[in-house]
Amino acid sequence: MPTSRNEADACTLLDTDHKAVKKMFKAYEELAHSKARDASQKKMELAREICHELTVHAAIEEEIFYPALREALKETEALAEAEVEHAGAKDLIAQIEAMDEADEMFDAKVKVLGEYIDHHVKEERNQIFPKARAARGLDLMAMRDELQARKEALMGVEV
C-alpha cells in the first residue's frame with residue numbers, strides 16, 4: 001500500500017538519520033576551523049561517531065530496505081548506484097577509522113565523505129524514496145519498525 005508523505009514510514013526514519021549526520025558534518029566543519037587546543041581530539045571523536053552512525057545506517061539499508069525495494073520495484077538501477085555509493089563511503093570510513101591523528105588528510109577525508117553522503121542523500125530523497133512510497137505491496141510502516149529495531153541492535157554494538 002502506498003504511504004502518505006505525512007506518515008513516519010521507513011523513508012522518514014532513514015531521512016531522520018540523514019539529517020542527524022548532516023548536523024554532525026556541520027559540527028565537524030566548525031571544529032576543523034577551530035583554533036581551540038582540544039579541537040583535534042574533538043574532531044577525532046566526532047569523526048568516529050559519524051563513521052559509526054553511517055556504518056549502522058548503511059547496514060540497515062543494505063540488510064532490510066534495499067532488498068525489499070529490489071523485490072517491489074521493476075526498475076532497480078538507482079538501488080545499484082546506491083550500493084556502489086555505500087561501497088565508496090565504506091572505503092573512506094575505513095580510511096578515517098584507521099587514522100590516529102586529525103591532520104589535514106583526516107579533515108580532507110571527512111569532508112569528502114560528507115560530500116559523498118550529501119550526493120547519496122539527494123538521490124535517495126529524489127529517486128528512491130518516491131519509488132518506495134509509490135510501490136504496491138511494500139509496507140513501509142512495518143519496515144520502519146524493522147529498521148528501527150535493527151538500528152537499535154547495531155547501535156548497541158561498539159565498533
Enquirer: So, applying side-chain contact (heavy atoms from CB on, under 4.5 Å) with Asp17, which one of Ile60, Val56, Leu54, Val121 is it?
Expert: Ile60
Enquirer: Walk me through whether Lys151 and Leu147 qualify under side-chain contact (heavy atoms from CB on, under 4.5 Å).
Expert: CA-CA 6 Å; Lys151 178 181 175 182; Leu147 288 167; over 6 Å; no
Enquirer: Working to the nearest 0.5 Å, report the span between SG of Cys11 and CZ of Phe65.
Expert: 4.0 Å
Enquirer: With side-chain hydrogen bond (donor to acceptor under 3.5 Å, both in side chains) as the test, pick out the partner of Gln148 among Arg150, Glu146, Glu152.
Expert: Glu152
Enquirer: Throw together a table of side-chain donor-acceptor distances under 3.5 angstrom for residues 81-90, partners on residues two or more places apart or in other chains.
Expert:
| residue | atom | partner | partner atom | Å |
| --- | --- | --- | --- | --- |
| Glu83 | OE1 | Arg70 | NH2 | 3.0 |
| Glu85 | OE1 | His120 | ND1 | 2.6 |
| Glu85 | OE2 | His119 | NE2 | 3.2 |
| His86 | ND1 | Glu62 | OE2 | 2.7 |
| His86 | NE2 | Glu61 | OE1 | 2.7 |
| His86 | NE2 | Tyr66 | OH | 3.3 |
| His86 | NE2 | His120 | NE2 | 3.2 |
| Lys90 | NZ | Glu62 | OE1 | 2.7 |
| Lys90 | NZ | Glu62 | OE2 | 3.1 |

Enquirer: Take atom CE of Met105 as the centre, draw a 6.0 Å sphere, and report whether it contains more than 12 heavy atoms from other residues, nucleotides or ligands.
Expert: no
Enquirer: How close do Val110 and Ala47 get, counting heavy atoms only, and between which atoms?
Expert: CG2-CB, 4.0 Å
Enquirer: Out of Leu138, Leu73, Leu69, which residue meets the side-chain contact (heavy atoms from CB on, under 4.5 Å) rule with Lys131?
Expert: Leu73
Enquirer: Would you confirm whether Asp139, through its side chain, and Ala142, through its main-chain N or O, come within 3.5 Å as a donor-acceptor pair?
Expert: yes
Enquirer: In this structure, are over 12 heavy atoms from other groups packed under 6.0 Å from Glu63 atom CD?
Expert: yes
Enquirer: Side chain to side chain donor-acceptor pair (under 3.5 Å), that's the test. Do Glu53 and His57 meet it? Break it down for me.
Expert: CA-CA 6 Å; Glu53 291 284 335; His57 181 82; over 6 Å; no
Enquirer: Out of curiosity, Leu113 CG to Ile50 CD1, how far, rounded to the nearest 0.5 Å?
Expert: 7.5 Å
Enquirer: Enumerate donor-acceptor pairs with a distance under 3.5 Å from any side-chain N or O in residues 19-28 to protein atoms, sequence neighbours excluded.
Expert:
| residue | atom | partner | partner atom | Å |
| --- | --- | --- | --- | --- |
| Lys22 | NZ | Asp118 | OD1 | 3.2 |
| Lys22 | NZ | Asp118 | OD2 | 3.1 |
| Tyr28 | OH | Asp107 | OD1 | 2.5 |

Enquirer: Does CG belonging to Asp38 count more than 12 external heavy atoms closer than 6.0 Å?
Expert: yes
Enquirer: Could you give the distance from CD1 (Ile96) to SG (Cys51), rounded to the nearest 0.5 Å?
Expert: 4.5 Å
Enquirer: Between Thr12 and Asp9, does any side-chain donor sit less than 3.5 Å from a side-chain acceptor?
Expert: yes
Enquirer: Working to the nearest 0.5 Å, report the span between OG of Ser34 and NZ of Lys42.
Expert: 7.5 Å
Enquirer: Give a yes or no on whether Tyr116 and Leu14 share a hydrophobic cluster (residues Ile, Leu, Val, Met, Phe, Trp, Tyr; joining criterion: side-chain heavy atoms under 4.5 Å apart).
Expert: no
Enquirer: Apply side-chain contact (heavy atoms from CB on, under 4.5 Å) to Met99 and Asp103, showing your working.
Expert: CA-CA 9 Å; Met99 296 179 81; Asp103 60 9; 3.6 Å; yes
Enquirer: Would Met155 and Leu46 show up in the same hydrophobic cluster when neighbours are defined by side-chain heavy atoms closer than 4.5 Å?
Expert: no
Enquirer: Run the side-chain contact (heavy atoms from CB on, under 4.5 Å) check on Glu101 and Met44 step by step: do they pass?
Expert: CA-CA 7 Å; Glu101 184 181 347; Met44 292 290 293; 5.6 Å; no
Enquirer: List the residues meeting side chain to side chain contact (heavy atoms under 4.5 Å, CB included) with Glu104, not counting sequence neighbours, and say none if there are none.
Expert: none
Enquirer: Kindly work out whether a path of hydrophobic side-chain contacts (I/L/V/M/F/W/Y, heavy atoms less than 4.5 Å apart) joins Leu13 to Leu79.
Expert: yes
Enquirer: CG/Leu92 to NZ/Lys111 distance, rounded to the nearest 0.5 angstrom?
Expert: 13.5 Å
Enquirer: Working to the nearest 0.5 Å, report the span between CG of Asp100 and CZ of Phe106.
Expert: 9.5 Å
Enquirer: Of Arg37, Lys43, Glu45, which is the lone residue that meets side-chain hydrogen bond (donor to acceptor under 3.5 Å, both in side chains) with Gln41?
Expert: Glu45
Enquirer: Assess whether side-chain contact (heavy atoms from CB on, under 4.5 Å) is satisfied between Met143 and Leu140, documenting all intermediate values.
Expert: CA-CA 5 Å; Met143 189 188 304; Leu140 293 176; 4.0 Å; yes
Enquirer: Is it true that a side-chain atom of Asn126 and a backbone atom of Lys122 form a donor plus acceptor pair closer than 3.5 Å?
Expert: yes
